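The next block holds one structure in the form of C-alpha coordinates; read it before the comments.
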Amino acid sequence: MTSDVRKKLPAGFGRLWTAQTISSLGDGVTHAALPLIALTLTREPMALAVVTAAGTLPWLLFGVLGGALVDRWDRRRTMWVADAARAALLAVPATAAVFDVLSIPLLATIAFLLGLGGLFFDTAATAYLPDLLRRDPALLERANSRLRGAQTAMSGFAGPPAGSALLALGRAVPLLADAVSFLLSALLVRTLPAMPRPVPEVRESLLRQARAGASYVFRDRVLLGLALRPAVGNVAFLAVETVLALFAHDRLGIDTYGFGLLLTAEATGGLLGAAIAAHLGRRLGTGTALTCTAAVEGLAILGLAAASNPYLAGLALAVCGAGMGATMVLGPSLRQAIVPAHLMGRVASTSRMLAMCAAPLGAFVGGWLATTYDVRTPLYAAAVLLLAMTAVTASMTSNRRVEAALRAAAPVAVS
(Lines give C-alpha, C1' and ligand atoms only; values in the text may rest on other atoms or scores of the structure.)
Protein backbone atom coordinates (compact mmCIF):
# COMPACT_ATOMS: atom_id res chain seq x y z
CA MET A 1 0.00 0.00 0.00
CA THR A 2 1.46 3.32 -0.98
CA SER A 3 0.68 6.32 1.14
CA ASP A 4 1.01 10.04 1.38
CA VAL A 5 1.94 10.92 4.93
CA ARG A 6 0.95 14.56 4.30
CA LYS A 7 -2.73 13.71 3.97
CA LYS A 8 -4.82 14.92 6.88
CA LEU A 9 -7.48 12.91 8.61
CA PRO A 10 -10.90 14.61 8.42
CA ALA A 11 -12.22 16.47 11.46
CA GLY A 12 -14.92 13.87 11.98
CA PHE A 13 -12.28 11.24 12.70
CA GLY A 14 -11.19 13.15 15.80
CA ARG A 15 -14.69 12.81 17.24
CA LEU A 16 -14.84 9.12 16.33
CA TRP A 17 -11.43 8.56 17.93
CA THR A 18 -12.50 10.41 21.09
CA ALA A 19 -15.73 8.43 21.29
CA GLN A 20 -13.98 5.09 20.92
CA THR A 21 -11.24 6.10 23.37
CA ILE A 22 -13.79 7.01 26.04
CA SER A 23 -15.73 3.82 25.35
CA SER A 24 -12.53 1.72 25.53
CA LEU A 25 -11.75 3.21 28.93
CA GLY A 26 -15.20 2.17 30.11
CA ASP A 27 -14.70 -1.29 28.61
CA GLY A 28 -11.46 -1.65 30.54
CA VAL A 29 -13.22 -0.63 33.76
CA THR A 30 -15.95 -3.23 33.26
CA HIS A 31 -13.50 -5.89 32.05
CA ALA A 32 -11.76 -5.73 35.41
CA ALA A 33 -14.79 -5.00 37.61
CA LEU A 34 -17.34 -7.51 36.29
CA PRO A 35 -15.37 -10.67 37.21
CA LEU A 36 -14.51 -9.13 40.58
CA ILE A 37 -18.18 -8.32 41.20
CA ALA A 38 -19.04 -11.92 40.27
CA LEU A 39 -16.39 -13.07 42.72
CA THR A 40 -18.28 -11.30 45.53
CA LEU A 41 -21.28 -13.50 44.71
CA THR A 42 -19.70 -16.92 44.22
CA ARG A 43 -16.42 -18.84 44.35
CA GLU A 44 -17.66 -21.50 41.93
CA PRO A 45 -15.29 -21.53 38.92
CA MET A 46 -17.96 -22.62 36.43
CA ALA A 47 -20.29 -19.82 37.50
CA LEU A 48 -17.50 -17.30 37.01
CA ALA A 49 -16.73 -18.82 33.62
CA VAL A 50 -20.37 -18.38 32.57
CA VAL A 51 -20.16 -14.63 33.21
CA THR A 52 -16.92 -14.38 31.25
CA ALA A 53 -18.14 -16.51 28.34
CA ALA A 54 -21.51 -14.76 28.07
CA GLY A 55 -19.90 -11.67 26.58
CA THR A 56 -18.49 -13.64 23.63
CA LEU A 57 -21.65 -15.58 22.80
CA PRO A 58 -23.29 -12.88 20.63
CA TRP A 59 -20.42 -13.11 18.14
CA LEU A 60 -20.75 -16.88 17.98
CA LEU A 61 -24.54 -16.86 17.66
CA PHE A 62 -25.29 -13.72 15.66
CA GLY A 63 -22.01 -12.53 14.14
CA VAL A 64 -22.87 -12.88 10.45
CA LEU A 65 -26.54 -11.95 10.92
CA GLY A 66 -25.47 -8.85 12.83
CA GLY A 67 -23.24 -7.86 9.93
CA ALA A 68 -26.14 -8.30 7.50
CA LEU A 69 -28.30 -6.02 9.64
CA VAL A 70 -25.57 -3.38 9.83
CA ASP A 71 -25.37 -3.44 6.03
CA ARG A 72 -29.10 -2.62 5.95
CA TRP A 73 -29.03 0.11 8.58
CA ASP A 74 -27.56 3.59 8.83
CA ARG A 75 -24.16 2.97 10.39
CA ARG A 76 -23.81 6.18 12.36
CA ARG A 77 -27.25 5.66 13.90
CA THR A 78 -26.41 2.04 14.68
CA MET A 79 -23.31 3.12 16.61
CA TRP A 80 -24.93 5.76 18.79
CA VAL A 81 -28.05 3.70 19.48
CA ALA A 82 -25.88 0.71 20.49
CA ASP A 83 -23.87 2.85 22.91
CA ALA A 84 -26.96 4.56 24.31
CA ALA A 85 -28.58 1.17 24.84
CA ARG A 86 -25.50 -0.14 26.64
CA ALA A 87 -25.47 2.94 28.88
CA ALA A 88 -29.11 2.31 29.84
CA LEU A 89 -28.47 -1.41 30.26
CA LEU A 90 -25.72 -0.88 32.84
CA ALA A 91 -28.18 1.00 35.05
CA VAL A 92 -29.86 -2.36 35.76
CA PRO A 93 -26.97 -4.12 37.55
CA ALA A 94 -25.93 -0.83 39.15
CA THR A 95 -29.41 -0.51 40.69
CA ALA A 96 -29.35 -4.18 41.68
CA ALA A 97 -26.00 -3.60 43.39
CA VAL A 98 -27.38 -0.67 45.36
CA PHE A 99 -30.29 -2.80 46.62
CA ASP A 100 -28.04 -5.85 47.11
CA VAL A 101 -29.98 -8.11 44.72
CA LEU A 102 -27.20 -8.86 42.24
CA SER A 103 -26.94 -12.45 41.02
CA ILE A 104 -24.80 -14.49 38.66
CA PRO A 105 -27.67 -15.00 36.16
CA LEU A 106 -28.21 -11.23 36.06
CA LEU A 107 -24.50 -10.53 35.50
CA ALA A 108 -24.34 -13.18 32.76
CA THR A 109 -27.38 -11.68 31.05
CA ILE A 110 -25.89 -8.19 31.22
CA ALA A 111 -22.56 -9.47 29.86
CA PHE A 112 -24.41 -11.12 26.95
CA LEU A 113 -26.40 -7.99 26.10
CA LEU A 114 -23.31 -5.78 26.38
CA GLY A 115 -21.58 -8.17 23.99
CA LEU A 116 -24.53 -7.90 21.61
CA GLY A 117 -24.31 -4.11 21.70
CA GLY A 118 -20.58 -4.38 21.09
CA LEU A 119 -21.22 -6.58 18.05
CA PHE A 120 -23.40 -3.91 16.45
CA PHE A 121 -21.19 -0.98 17.45
CA ASP A 122 -17.90 -2.55 16.36
CA THR A 123 -19.29 -3.81 13.06
CA ALA A 124 -20.93 -0.48 12.26
CA ALA A 125 -17.76 1.44 13.21
CA THR A 126 -15.65 -0.82 10.99
CA ALA A 127 -18.04 -0.19 8.10
CA TYR A 128 -18.37 3.56 8.77
CA LEU A 129 -14.64 4.36 8.89
CA PRO A 130 -13.83 3.64 5.21
CA ASP A 131 -16.76 5.82 4.16
CA LEU A 132 -15.52 8.65 6.38
CA LEU A 133 -12.00 8.35 4.92
CA ARG A 134 -13.16 7.79 1.32
CA ARG A 135 -11.46 4.36 1.35
CA ASP A 136 -8.03 5.95 1.16
CA PRO A 137 -5.56 3.15 2.10
CA ALA A 138 -3.02 5.53 3.64
CA LEU A 139 -5.59 7.30 5.80
CA LEU A 140 -7.12 3.97 6.87
CA GLU A 141 -3.75 2.73 8.12
CA ARG A 142 -3.12 5.93 10.06
CA ALA A 143 -6.65 5.99 11.48
CA ASN A 144 -6.59 2.34 12.54
CA SER A 145 -3.17 2.84 14.09
CA ARG A 146 -4.54 5.64 16.27
CA LEU A 147 -7.71 3.75 17.13
CA ARG A 148 -5.82 0.58 18.01
CA GLY A 149 -3.28 2.48 20.10
CA ALA A 150 -6.00 4.27 22.05
CA GLN A 151 -7.93 1.04 22.58
CA THR A 152 -4.83 -0.71 23.94
CA ALA A 153 -3.93 2.20 26.20
CA MET A 154 -7.43 2.60 27.63
CA SER A 155 -8.65 -1.00 27.90
CA GLY A 156 -5.24 -2.51 28.63
CA PHE A 157 -3.56 0.08 30.86
CA ALA A 158 -5.91 2.69 32.29
CA GLY A 159 -9.23 0.85 32.46
CA PRO A 160 -8.48 -2.26 34.56
CA PRO A 161 -6.76 -0.49 37.49
CA ALA A 162 -9.47 2.18 37.39
CA GLY A 163 -12.13 -0.53 37.53
CA SER A 164 -10.48 -2.17 40.54
CA ALA A 165 -10.14 1.19 42.30
CA LEU A 166 -13.75 2.20 41.61
CA LEU A 167 -14.98 -1.15 42.87
CA ALA A 168 -13.53 -0.30 46.26
CA LEU A 169 -16.07 2.56 46.41
CA GLY A 170 -18.99 0.19 45.83
CA ARG A 171 -20.14 -2.46 43.35
CA ALA A 172 -22.35 0.02 41.50
CA VAL A 173 -19.61 2.60 40.92
CA PRO A 174 -17.61 0.95 38.08
CA LEU A 175 -20.85 -0.01 36.33
CA LEU A 176 -22.07 3.59 36.45
CA ALA A 177 -18.67 4.82 35.24
CA ASP A 178 -18.91 2.54 32.20
CA ALA A 179 -22.48 3.73 31.60
CA VAL A 180 -21.26 7.33 31.53
CA SER A 181 -18.53 6.37 29.04
CA PHE A 182 -21.11 4.79 26.72
CA LEU A 183 -23.36 7.84 27.01
CA LEU A 184 -20.54 10.25 26.15
CA SER A 185 -19.54 8.05 23.22
CA ALA A 186 -23.13 8.00 21.94
CA LEU A 187 -23.37 11.79 22.11
CA LEU A 188 -20.10 12.22 20.22
CA VAL A 189 -20.97 9.65 17.55
CA ARG A 190 -24.29 11.37 16.92
CA THR A 191 -22.39 14.52 15.87
CA LEU A 192 -20.42 12.66 13.19
CA PRO A 193 -21.12 13.51 9.54
CA ALA A 194 -23.80 11.42 7.89
CA MET A 195 -22.61 9.11 5.14
CA PRO A 196 -24.62 7.99 2.12
CA ARG A 197 -26.07 4.54 2.66
CA PRO A 198 -24.74 1.83 0.34
CA VAL A 199 -26.73 1.16 -2.80
CA PRO A 200 -29.34 -1.40 -1.70
CA GLU A 201 -29.13 -4.89 -3.11
CA VAL A 202 -32.02 -6.77 -4.62
CA ARG A 203 -34.30 -7.44 -1.68
CA GLU A 204 -33.32 -10.77 -0.17
CA SER A 205 -33.91 -12.50 3.12
CA LEU A 206 -31.57 -11.68 5.98
CA LEU A 207 -30.18 -15.23 5.98
CA ARG A 208 -29.43 -15.11 2.26
CA GLN A 209 -27.66 -11.77 2.64
CA ALA A 210 -25.66 -13.09 5.59
CA ARG A 211 -24.66 -16.15 3.57
CA ALA A 212 -23.61 -13.92 0.66
CA GLY A 213 -21.34 -11.93 2.94
CA ALA A 214 -19.71 -15.04 4.38
CA SER A 215 -19.19 -16.61 0.95
CA TYR A 216 -17.58 -13.38 -0.28
CA VAL A 217 -14.86 -13.84 2.35
CA PHE A 218 -14.21 -17.49 1.46
CA ARG A 219 -14.11 -16.84 -2.29
CA ASP A 220 -11.57 -14.01 -2.12
CA ARG A 221 -7.98 -15.18 -1.49
CA VAL A 222 -6.85 -11.93 0.12
CA LEU A 223 -9.86 -11.68 2.44
CA LEU A 224 -9.58 -15.36 3.35
CA GLY A 225 -5.92 -14.88 4.20
CA LEU A 226 -6.81 -11.88 6.36
CA ALA A 227 -9.53 -13.90 8.12
CA LEU A 228 -7.34 -16.95 8.73
CA ARG A 229 -4.70 -14.95 10.58
CA PRO A 230 -6.86 -13.96 13.59
CA ALA A 231 -8.77 -17.26 13.52
CA VAL A 232 -5.68 -19.46 13.66
CA GLY A 233 -3.95 -16.88 15.82
CA ASN A 234 -6.71 -17.07 18.42
CA VAL A 235 -6.30 -20.84 18.67
CA ALA A 236 -2.61 -20.30 19.37
CA PHE A 237 -2.93 -17.29 21.66
CA LEU A 238 -5.73 -18.79 23.76
CA ALA A 239 -3.68 -21.97 24.15
CA VAL A 240 -0.91 -19.76 25.54
CA GLU A 241 -3.21 -17.61 27.67
CA THR A 242 -4.81 -20.66 29.27
CA VAL A 243 -1.51 -21.80 30.81
CA LEU A 244 0.41 -18.52 30.97
CA ALA A 245 -0.26 -17.83 34.65
CA LEU A 246 0.71 -21.39 35.57
CA PHE A 247 3.81 -21.25 33.37
CA ALA A 248 4.84 -17.92 34.86
CA HIS A 249 4.39 -19.15 38.42
CA ASP A 250 5.80 -22.68 38.17
CA ARG A 251 8.59 -22.27 35.61
CA LEU A 252 9.60 -18.63 35.95
CA GLY A 253 8.90 -18.02 39.64
CA ILE A 254 6.71 -14.97 38.96
CA ASP A 255 4.31 -13.84 41.70
CA THR A 256 0.93 -12.15 41.21
CA TYR A 257 2.42 -8.65 40.94
CA GLY A 258 5.05 -9.85 38.50
CA PHE A 259 2.41 -11.51 36.36
CA GLY A 260 0.65 -8.17 36.00
CA LEU A 261 3.93 -6.64 34.82
CA LEU A 262 4.33 -9.49 32.35
CA LEU A 263 0.96 -8.67 30.79
CA THR A 264 1.87 -4.98 30.77
CA ALA A 265 4.94 -5.84 28.68
CA GLU A 266 2.69 -7.40 26.06
CA ALA A 267 0.40 -4.36 26.03
CA THR A 268 3.41 -2.04 25.71
CA GLY A 269 4.55 -4.00 22.68
CA GLY A 270 1.04 -3.72 21.27
CA LEU A 271 1.19 0.07 21.48
CA LEU A 272 4.53 0.12 19.68
CA GLY A 273 3.29 -2.24 16.97
CA ALA A 274 0.21 -0.13 16.32
CA ALA A 275 2.35 3.01 16.12
CA ILE A 276 4.79 1.63 13.53
CA ALA A 277 2.27 -0.37 11.45
CA ALA A 278 1.78 2.29 8.78
CA HIS A 279 5.56 2.76 8.46
CA LEU A 280 6.02 -0.99 7.97
CA GLY A 281 3.30 -0.99 5.33
CA ARG A 282 5.04 1.80 3.44
CA ARG A 283 8.51 0.28 3.62
CA LEU A 284 7.71 -3.37 2.99
CA GLY A 285 4.35 -3.28 1.27
CA THR A 286 1.23 -4.32 3.17
CA GLY A 287 1.39 -7.98 2.12
CA THR A 288 5.04 -8.47 3.11
CA ALA A 289 4.51 -6.50 6.32
CA LEU A 290 1.62 -8.79 7.30
CA THR A 291 3.77 -11.87 6.66
CA CYS A 292 6.64 -10.43 8.69
CA THR A 293 4.46 -9.47 11.67
CA ALA A 294 2.85 -12.92 11.69
CA ALA A 295 6.30 -14.56 11.64
CA VAL A 296 7.41 -12.28 14.49
CA GLU A 297 4.43 -13.44 16.58
CA GLY A 298 5.33 -17.12 16.05
CA LEU A 299 9.02 -16.62 16.81
CA ALA A 300 8.19 -14.55 19.90
CA ILE A 301 5.97 -17.32 21.30
CA LEU A 302 8.78 -19.78 20.58
CA GLY A 303 11.06 -17.50 22.57
CA LEU A 304 8.51 -17.37 25.39
CA ALA A 305 8.35 -21.17 25.50
CA ALA A 306 12.14 -21.38 25.79
CA ALA A 307 12.45 -18.49 28.28
CA SER A 308 14.35 -19.36 31.44
CA ASN A 309 13.67 -16.17 33.41
CA PRO A 310 11.01 -13.45 33.71
CA TYR A 311 13.02 -10.88 31.75
CA LEU A 312 13.29 -13.03 28.64
CA ALA A 313 9.62 -13.93 28.96
CA GLY A 314 8.67 -10.25 29.22
CA LEU A 315 10.78 -9.40 26.19
CA ALA A 316 9.18 -12.23 24.19
CA LEU A 317 5.69 -11.08 25.11
CA ALA A 318 6.53 -7.46 24.23
CA VAL A 319 7.78 -8.57 20.80
CA CYS A 320 4.68 -10.72 20.31
CA GLY A 321 2.47 -7.80 21.33
CA ALA A 322 4.23 -5.56 18.78
CA GLY A 323 3.57 -8.09 16.02
CA MET A 324 -0.07 -8.39 17.05
CA GLY A 325 -0.51 -4.61 17.29
CA ALA A 326 0.85 -4.06 13.79
CA THR A 327 -1.19 -6.92 12.34
CA MET A 328 -4.38 -5.56 13.88
CA VAL A 329 -3.81 -2.25 12.11
CA LEU A 330 -2.65 -3.50 8.72
CA GLY A 331 -5.21 -6.29 8.28
CA PRO A 332 -8.41 -4.32 9.00
CA SER A 333 -7.10 -1.31 7.03
CA LEU A 334 -6.58 -3.46 3.95
CA ARG A 335 -9.98 -5.10 4.35
CA GLN A 336 -11.69 -1.70 4.64
CA ALA A 337 -9.92 -0.50 1.50
CA ILE A 338 -10.93 -3.39 -0.77
CA VAL A 339 -14.38 -4.54 0.37
CA PRO A 340 -17.42 -2.94 -1.34
CA ALA A 341 -19.39 -0.65 0.98
CA HIS A 342 -22.60 -2.67 0.80
CA LEU A 343 -20.75 -5.80 2.05
CA MET A 344 -18.49 -4.23 4.66
CA GLY A 345 -20.59 -5.09 7.70
CA ARG A 346 -20.99 -8.74 6.72
CA VAL A 347 -17.35 -9.22 5.75
CA ALA A 348 -16.12 -7.62 8.99
CA SER A 349 -18.51 -9.61 11.18
CA THR A 350 -17.69 -12.89 9.39
CA SER A 351 -13.99 -12.38 10.00
CA ARG A 352 -14.59 -11.47 13.64
CA MET A 353 -16.89 -14.46 14.14
CA LEU A 354 -14.26 -16.86 12.78
CA ALA A 355 -11.75 -15.44 15.25
CA MET A 356 -14.19 -15.67 18.17
CA CYS A 357 -15.18 -19.25 17.34
CA ALA A 358 -11.53 -20.28 17.32
CA ALA A 359 -10.83 -18.96 20.82
CA PRO A 360 -12.59 -21.70 22.85
CA LEU A 361 -10.80 -24.36 20.79
CA GLY A 362 -7.46 -22.80 21.67
CA ALA A 363 -8.30 -22.73 25.36
CA PHE A 364 -9.28 -26.42 25.31
CA VAL A 365 -6.18 -27.45 23.35
CA GLY A 366 -3.91 -25.51 25.68
CA GLY A 367 -5.39 -27.09 28.77
CA TRP A 368 -5.26 -30.58 27.27
CA LEU A 369 -1.62 -30.28 26.16
CA ALA A 370 -0.53 -28.94 29.54
CA THR A 371 -2.35 -31.74 31.36
CA THR A 372 -1.18 -34.51 29.05
CA TYR A 373 2.40 -33.38 28.53
CA ASP A 374 3.95 -30.29 30.11
CA VAL A 375 3.08 -26.65 30.76
CA ARG A 376 5.56 -25.55 28.09
CA THR A 377 4.00 -27.82 25.44
CA PRO A 378 1.06 -25.50 24.59
CA LEU A 379 3.54 -22.67 24.01
CA TYR A 380 5.65 -24.71 21.60
CA ALA A 381 2.52 -25.97 19.84
CA ALA A 382 1.21 -22.39 19.52
CA ALA A 383 4.50 -21.24 18.01
CA VAL A 384 4.46 -24.04 15.44
CA LEU A 385 0.83 -23.27 14.58
CA LEU A 386 1.55 -19.55 14.12
CA LEU A 387 4.55 -20.19 11.89
CA ALA A 388 2.61 -22.73 9.82
CA MET A 389 -0.22 -20.20 9.43
CA THR A 390 2.33 -17.61 8.31
CA ALA A 391 3.62 -19.93 5.60
CA VAL A 392 0.11 -20.80 4.39
CA THR A 393 -1.20 -17.23 4.22
CA ALA A 394 1.97 -15.58 2.87
CA SER A 395 1.00 -16.16 -0.77
CA MET A 396 -2.66 -15.33 -0.10
CA THR A 397 -1.79 -11.80 1.02
CA SER A 398 1.35 -11.21 -1.02
CA ASN A 399 2.18 -7.70 -2.20
CA ARG A 400 1.16 -8.69 -5.71
CA ARG A 401 -2.29 -9.88 -4.62
CA VAL A 402 -2.77 -6.89 -2.32
CA GLU A 403 -1.93 -4.36 -5.02
CA ALA A 404 -4.23 -6.16 -7.46
CA ALA A 405 -7.07 -6.04 -4.92
CA LEU A 406 -6.50 -2.33 -4.33
CA ARG A 407 -6.53 -1.62 -8.06
CA ALA A 408 -9.76 -3.58 -8.44
CA ALA A 409 -11.35 -1.61 -5.60
CA ALA A 410 -10.21 1.78 -6.91
CA PRO A 411 -13.42 2.51 -8.88
CA VAL A 412 -15.44 1.80 -5.73
CA ALA A 413 -13.17 4.11 -3.75
CA VAL A 414 -13.62 6.96 -6.24
CA SER A 415 -17.38 6.64 -6.28
Side-chain angles (χ1 to χ4, degrees), residues 22-63 66 81-123 151 154-186 234 238 241-242 245 256 259-260 263 352-353 355-357 359-360 362-364 367:
I22 293 171
S23 185
S24 292
L25 177 60
D27 288 343
V29 168
T30 299
H31 182 71
L34 204 60
L36 294 175
I37 292 172
L39 200 59
T40 66
L41 302 174
T42 181
R43 294 283 174 171
E44 175 57 44
M46 285 305 297
L48 298 174
V50 165
V51 174
T52 301
T56 66
L57 280 179
W59 285 100
L60 305 182
L61 298 177
F62 309 117
V81 168
D83 266 359
R86 287 190 284 180
L89 180 66
L90 281 165
V92 176
T95 302
V98 170
F99 290 98
D100 200 23
V101 291
L102 271 176
S103 66
I104 292 297
L106 175 60
L107 288 181
T109 301
I110 294 300
F112 176 85
L113 293 175
L114 288 174
L116 187 62
L119 184 160
F120 286 114
F121 182 94
D122 292 347
T123 303
Q151 181 185 21
M154 293 298 104
S155 63
F157 286 107
S164 300
L166 290 172
L167 185 60
L169 302 177
R171 290 187 296 184
V173 177
L175 299 173
L176 291 174
D178 196 14
V180 170
S181 77
F182 282 132
L183 182 59
L184 292 174
S185 175
N234 267 4
L238 263 293
E241 186 176 320
T242 298
T256 302
F259 185 66
L263 297 181
R352 180 74 177 269
M353 188 189 69
M356 297 295 285
C357 288
F364 171 78

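Along the sequence shown, the residues carry numbers beginning at 1. The structure presented is a predicted model; accordingly, all values stated were derived computationally and were not measured. Quick note: numbers below take in every heavy atom, side chains included, and nothing from hydrogens, waters or symmetry partners.
- Minimum heavy-atom separation, Val98 to Ala172: CG2-CB, 4.0 Å.
- Taking 4.5 Å as the limit, some side-chain heavy atom of Leu106 sits within range of a side-chain heavy atom of Val92.
- The side chain to side chain donor-acceptor pair (under 3.5 Å) test applied to Asp178 returns Thr30, Ser181, not counting sequence neighbours.
- Using a 4.5 Å heavy-atom threshold, the side chains of Leu176 and Val180 count as separate.
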Just do the side chain to side chain contact (heavy atoms under 4.5 Å, CB included) check on Thr123 and Arg352 with the steps written out, would you? CA-CA 9 Å; Thr123 303; Arg352 180 74 177 269; over 6 Å; no
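- A heavy-atom distance below 4.5 Å is not found between the side chains of Leu166 and Arg171.
- The two atoms that bring Ala111 and Val51 nearest to each other are CB-O, 3.7 Å, heavy atoms only.
- Side-chain contact between Leu183 and Asp83 is absent, with no heavy-atom pair separated by less than 4.5 Å.
- Minimum heavy-atom separation, Ala54 to Ala108: CB-O, 3.3 Å.
- With a 4.5 Å cut-off on side-chain heavy atoms, Val81 and Phe121 do not count as touching.
- Ile22 places none of its side-chain heavy atoms less than 4.5 Å from the side chain of Leu25.
- Taking all atoms of both residues into account, the shortest heavy-atom contact from Ala84 to Ala186 is N-CB, 3.8 Å.
- Pairing each heavy atom of Gly118 with each of Arg86, the nearest pair is CA-NH1, 3.4 Å.
- Looking at Leu102 and Leu107, their side chains come closer than 4.5 Å, going by heavy atoms from C-beta outward.
- Atom-to-atom distance recorded for Leu57:CG and Leu119:CG is 11.5 Å, nearest 0.5 angstrom.
- Remark: side-chain polar atoms of Thr40 are paired, donor with acceptor, to backbone N or O of Ile37 under 3.5 angstrom.
- Across all their heavy atoms, Trp59 and Met353 have their closest contact at O-CG, 3.1 Å.
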